[in-house]
Amino acid sequence: MNLKKVFKITQKISPKLSASIAFNFISKPKINKIRSFEKSILEIANQSSLRFKRFIIKSYSWGNGNKKALLIHGWGGRASNFGAIIPELIEDGYTVISFDGPCHGDSTKKRTNFFEMADLVKLFLQKDNYDLIITHSMGSVLAFTAMGALRHKINQMIILTSPSRFLEFIELAVVQFGLTTKTTKLLINKISKTTTEYNPITFRASDIIKKIEIKDVTFIHDSSDKIIPIEVTRSVSSYIKNSKFIEIEGTGHFKMLWSKKVIEIIKKQVFNYNEAL
């Protein structure tokens, strides 16, 4: 029986129970199969662990360049998702830092939430100074959230798709589980209780970005992305003065991470920025 059928039955019995079940699902991100190129990049990483709240977080570094890059994966992702991008950054003289978020990759598998992930990003930003930040999907808003809280300044960012509102994250669950309006409201109430700092209902990238200073930012989005519509990332891009928006085709939401086309765009943007310094 698929999830929609399960929720169709449970919502008739108890919307409150259904909201709890949905909350448990989204609090434990799906662990995707690790690809061969991801295994290869992990094998050459300097690996370490750090304590964060009730988690042991796996962190990684590659290279020993004078410039530093922080890579932030999306919901259900892991540091090794950037396995095709990392060698190019090393070649360009970067030390590359990344991590597996709570309940992601090889970090501790316990329930987590969006705002907890943002707090971890904040920890990394406070720990070190970065010349470049690259994000994917939900990791983009995680970065914006952490940077906004710190009123952070960064030289360059490359955004591989970005949601605009936290409610878009909820909408994915609504579609996946077939949730009713009543169950959705109960789910949002449960999520709201996981944070005192943010309001999931009013949480928007446009508000956070005002608190961040980015010298050079490039957004990349595939027109056929089925997870985040291109109009959403385009709207986030419009909030940042002088941002660049690059539309691509044929990679979708996840394959863009190892697309030669995308890697070439990243290399060009990084090179052009460093040359202009």
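Side-chain N or O atoms of S40 include one that pairs as donor or acceptor with a backbone N or O of S36 at under 3.5 Å. Checking side-chain atoms of K211 against main-chain N and O of D207 turns up no donor-acceptor pair under 3.5 Å. When atom types are taken as modelled, the side chain of S107 and the backbone of K58 share a donor-acceptor pair closer than 3.5 angstrom. Side-chain N or O atoms of S140 include one that pairs as donor or acceptor with a backbone N or O of T161 at under 3.5 Å. Looking only at distances, no side-chain donor or acceptor of D225 sits under 3.5 Å from a matching main-chain atom of G252. In terms of modelled atom types and a separation under 3.5 Å, the side chain of H136 and the main chain of H253 share a donor-acceptor contact. Formation of a donor-acceptor pair under 3.5 Å by the S259 side chain with backbone atoms of K261 is found in this model. Without hydrogens or angle criteria, E168 side chain to R165 main chain gives a donor-acceptor distance under 3.5 Å. At least one donor-acceptor pair closer than 3.5 Å links the side chain of H104 to the backbone N or O of P102.
Rounding to the nearest 0.5 Å places CH2 of W75 at 6.0 Å from CE of M117. A distance of 11.0 Å separates OG of S80 from CD of E43, quoted to the nearest 0.5 Å. In this structure, CG in L132 is found 9.0 Å from CE in M157, a value given to the nearest 0.5 Å. Here the NZ atom belonging to K153 is positioned 12.0 Å from the CG atom belonging to N129, to the nearest 0.5 angstrom. One distance of note links CE of M138 with CD1 of I227; it measures 10.5 Å at 0.5 Å rounding. Note that the OG atom of S61 and the CD1 atom of I97 stand 5.0 Å from one another [nearest 0.5 Å].
The closest side-chain heavy-atom distance from I133 to L125 is below 4.5 Å. Within the 4.5 Å cutoff, no side-chain heavy atoms of D222 are placed close to those of V262. Contact of the N113 side chain with the T195 side chain is not registered, since no non-hydrogen atoms from C-beta on lie closer than 4.5 Å. Put simply, the side chain of I266 reaches to within 4.5 Å of the side chain of I220, judged on heavy atoms. Counting heavy atoms from C-beta outward, F245 and T218 have side chains that stay 4.5 Å or more apart. Contact of the S27 side chain with the T112 side chain is not registered, since no non-hydrogen atoms from C-beta on lie closer than 4.5 Å.
Counting non-hydrogen atoms of neighbouring residues, nucleotides and ligands closer than 6.0 angstrom, the NZ atom of K67 exceeds 12 such neighbours. Counting non-hydrogen atoms of neighbouring residues, nucleotides and ligands closer than 6.0 angstrom, the CG atom of D128 exceeds 12 such neighbours. The environment of NZ in K255 is sparse: at most 12 heavy-atom neighbours from other residues, nucleotides or ligands sit within 6.0 Å. For N66, the CG atom counts as loosely surrounded, since its 6.0 Å shell holds 12 or fewer non-hydrogen atoms of other residues, nucleotides or ligands. Around the NZ atom of K244, the shell of radius 6.0 Å holds more than 12 heavy atoms that belong to other residues, nucleotides or ligands. In the displayed structure, N272 atom CG is contacted under 6.0 Å by more than 12 heavy atoms of other residues, nucleotides or ligands. Other residues, nucleotides and ligands place more than 12 heavy atoms under 6.0 Å from the NZ atom of K53.
At a cut-off of 3.5 Å, with distance as the only test, a side-chain donor of D100 or Y60 sits close to an acceptor on the other residue. For the residue pair T183/T180, the side-chain donor-acceptor check at 3.5 Å is satisfied. In the model, S98 has no side-chain atom that pairs as donor or acceptor with a side-chain atom of H73 under 3.5 Å. For the residue pair Y94 / N274, a side-chain donor-acceptor distance below 3.5 Å is found, with atom types taken as modelled.
The one candidate from I159, T251, L160, T233 that meets the side chain to side chain contact (heavy atoms under 4.5 Å, CB included) condition with H221 is T233. Here the rule is ring pair (Phe, Tyr, Trp, His ring centres under 6.0 Å) with F99, and of F82, F55, F52, F124 only F124 fits it.
Between R35 and E38 there is a salt bridge, since at least one side-chain N of the basic residue sits less than 4.0 Å from a carboxylate O of the acidic one. Taking 4.0 Å as the cut-off between side-chain N and carboxylate O, R234 and E247 count as a salt-bridged pair. A salt bridge between R54 and E116 is present, with a side-chain N of the basic residue lying under 4.0 Å from a carboxylate O of the acidic one. Between K267 and D92 there is no salt bridge, since none of the side-chain N atoms of the basic residue sits less than 4.0 Å from a carboxylate O of the acidic one.
F203 and F144 have their aromatic ring centers separated by at least 6.0 angstrom.
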Worked check of salt bridge (Lys or Arg N to Asp or Glu O under 4.0 Å) between K122 and D119: CA-CA 5 Å; K122 194 190 301 183; D119 286 341; 3.7 Å; yes
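Aromatic ring pairs are classed by plane angle as parallel below 30°, tilted from 30° to 60° and perpendicular above 60°; the pair F166 and F169 is tilted. Using cut-offs of 30° and 60° for the angle between ring planes, the F37 and W258 rings count as tilted.
Nearest heavy atom pair, residue L120 against residue G101, reads CD2-CA, 4.0 Å. Taking every heavy atom of both residues into account, A69 and Y130 meet most closely at C-CD2, 3.9 Å. The two residues S18 and Q11 make their nearest non-hydrogen contact at OG-N, 3.1 Å. Closest heavy-atom contact between P15 and K182: CG-CD, 4.0 Å.
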